[in-house]
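Reading through the structure tokens given below for one structure.
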Amino acid sequence: MAKPDLQPARGTHDLIGEEFRRHHHVIDTARRITSLYGFEEWATPIFEDTRVFSRSLGETSDVVSKEMYTFTDRGGESVTLRPEGTAGACRALVTNGLTQSNLPRKVFYAGPMFRYERPQKGRYRQFHQIGAEVMGAAEPLSDAEVIACGWHIQQALGITEGTVLEINTLGDAQSRDTYRAALVAYFQASVDKLSEESRGRLEKNPLRIVDSKDPGDRALVADAPTIHQHLTVGAARHYAEVKRALERFGVPFRENPRIVRGLDYYSHTAFEFVTERLGAQGTVMGGGRYDGLVEEMGGPATPSVGWAAGVERLSMLLDAAPAAPRPVAVIPVGEASEGAALDAVQALRRAGVTAEIAYKGNLKRRMERANRLNARAAVIIGDEELAEGAAQLRDLDAGTQERVVLAELAARLA
């Protein structure tokens, strides 16, 4: 058979069958667990004013400079398909007038994101994320609770084996200023060994060098100073309280001083859940505290913390896809019983039972379809059953069959 001319755009894929069931299971589990922690679900637009992301991600970041799907619409406005969810949530908090009351706001979201990057295992140009944000809380406990919620989701999905929480602190503004100066002094001594990209970051954003993937940069970073040597008393206390709360929540972790966020509104806690089960794409969930982002959106100072996770990556870690629901096949034998069969299939559906009725075919063909659907039971209604207001209920696993009054079918199969 010839390959169809029309294929999904590069870096996109269809979610069908088992893959969709994995995808849905991740989102449904996250939605259920976040609700236990008091999160409410928000949905923000898939595209936003480009400034929402250029402000939140930084003009020099790879996402803004290389990966965003940005275009001018017919009204002459620059809009961008969202590359992540946090910025939209913060913008929504401000534009809906929610910054002054009922804080903190605990928000969950799920949906598609878009980045123009090289497609690879678990990474697409249209991908999907879940995320949780606590906006309006400065306390270390909020950091720990949002992390614990993410760990709880992974536990509920059964994917914690081989996954490790790595945490770090970015300190407060004074800590970062001191640390930034120490980094600049350290890297300037070996500036000729830095990659071209890191040399460009040295004056603008030296913290970004710390998470460089360039092998030469990584060799220099191994001996670079860490922020722990430059924390203020208050920043050190915040970090210690986060770790203490994580221990009480029962979330195992290890410290990684090389986790950084390069923008000024990030502060204090930064974290990633990492695994070796996905090869090079090892981060499955990551986040941190972003106390200045709501302000960047035009709102008041609103300390916030949150995380995001790739649905595709989480679904790849599942041991198995959730099974498709096994229907009950309702099979009329002869035209006279079709009306009763329609009544029966709708009664089953109203009772919450997945039910199917074939549109055509004799008894043999309809039973063959029931087997292809992996039906758990067949309800067979012929002339004799119709006259008695009953049906033959066949258990397709056990191979047994019994006569059941139509009015009792739903109760028997629910």
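All values below were derived from every heavy atom in this structure, side-chain atoms included, with hydrogens, water molecules and symmetry-related copies excluded.
For residues 13-32, the pairs satisfying salt bridge (charged side-chain N to carboxylate O under 4.0 Å, His left out) are Glu18-Arg22, Arg31-Glu41, with sequence neighbours left out. Applying the salt bridge (charged side-chain N to carboxylate O under 4.0 Å, His left out) definition to pairs two or more places apart or across chains, those involving residues 127-152 are Lys106-Glu145, Asp143-Arg289.
Between Ile209 atom CD1 and Arg201 atom CZ the span is 8.0 Å, to the nearest 0.5 Å. For the atom pair OG1 of Thr169 and NE2 of His268, the computed distance is 6.5 Å after rounding to the nearest 0.5 Å.
The pair Arg123-Glu117 counts as a salt bridge, with a side-chain nitrogen and a carboxylate oxygen less than 4.0 angstrom apart. A salt bridge links Asp397 with Arg326: at least one charged nitrogen is closer than 4.0 Å to a carboxylate oxygen. Contact check on Arg118 versus Glu67 returns no salt bridge, with no Lys/Arg side-chain nitrogen under 4.0 Å from an Asp/Glu carboxylate oxygen. Salt bridge annotation for Arg369-Glu356: present, with a cationic side-chain nitrogen under 4.0 angstrom from a carboxylate oxygen. By the 4.0 Å N-to-carboxylate-O rule, Glu166 lies close enough to Arg254 to be salt-bridged with it. Under the 4.0 Å criterion applied to side-chain N and carboxylate O atoms, Glu241 and Arg237 are not assigned as salt-bridge partners. Note on Arg105 versus Glu40: salt bridge recorded, some NZ/NE/NH1/NH2 to OD/OE distance being below 4.0 Å.
Pro252 and Leu165 make their closest contact through O-CB, 3.5 Å (heavy atoms, listed as atom of the first residue, atom of the second, distance). Counting all heavy atoms, side chain and backbone alike, Asp319 lies closest to Gly158 at OD2-O, 4.5 Å.
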message = side-chain contact (heavy atoms from CB on, under 4.5 Å), that's the test. Do Ile259 and Ile167 meet it? Break it down for me.
response = CA-CA 7 Å; Ile259 297 177; Ile167 65 169; 6.0 Å; no

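Counting only heavy atoms from C-beta outward, the side chains of Arg176 and Ser267 approach each other to under 4.5 Å.
Between Tyr239 and His228, a ring centre-to-centre spacing shorter than 6.0 Å is recorded.
Remark: the Ser198 side chain and the Ser195 side chain contain an N/O donor-acceptor pair separated by less than 3.5 Å.
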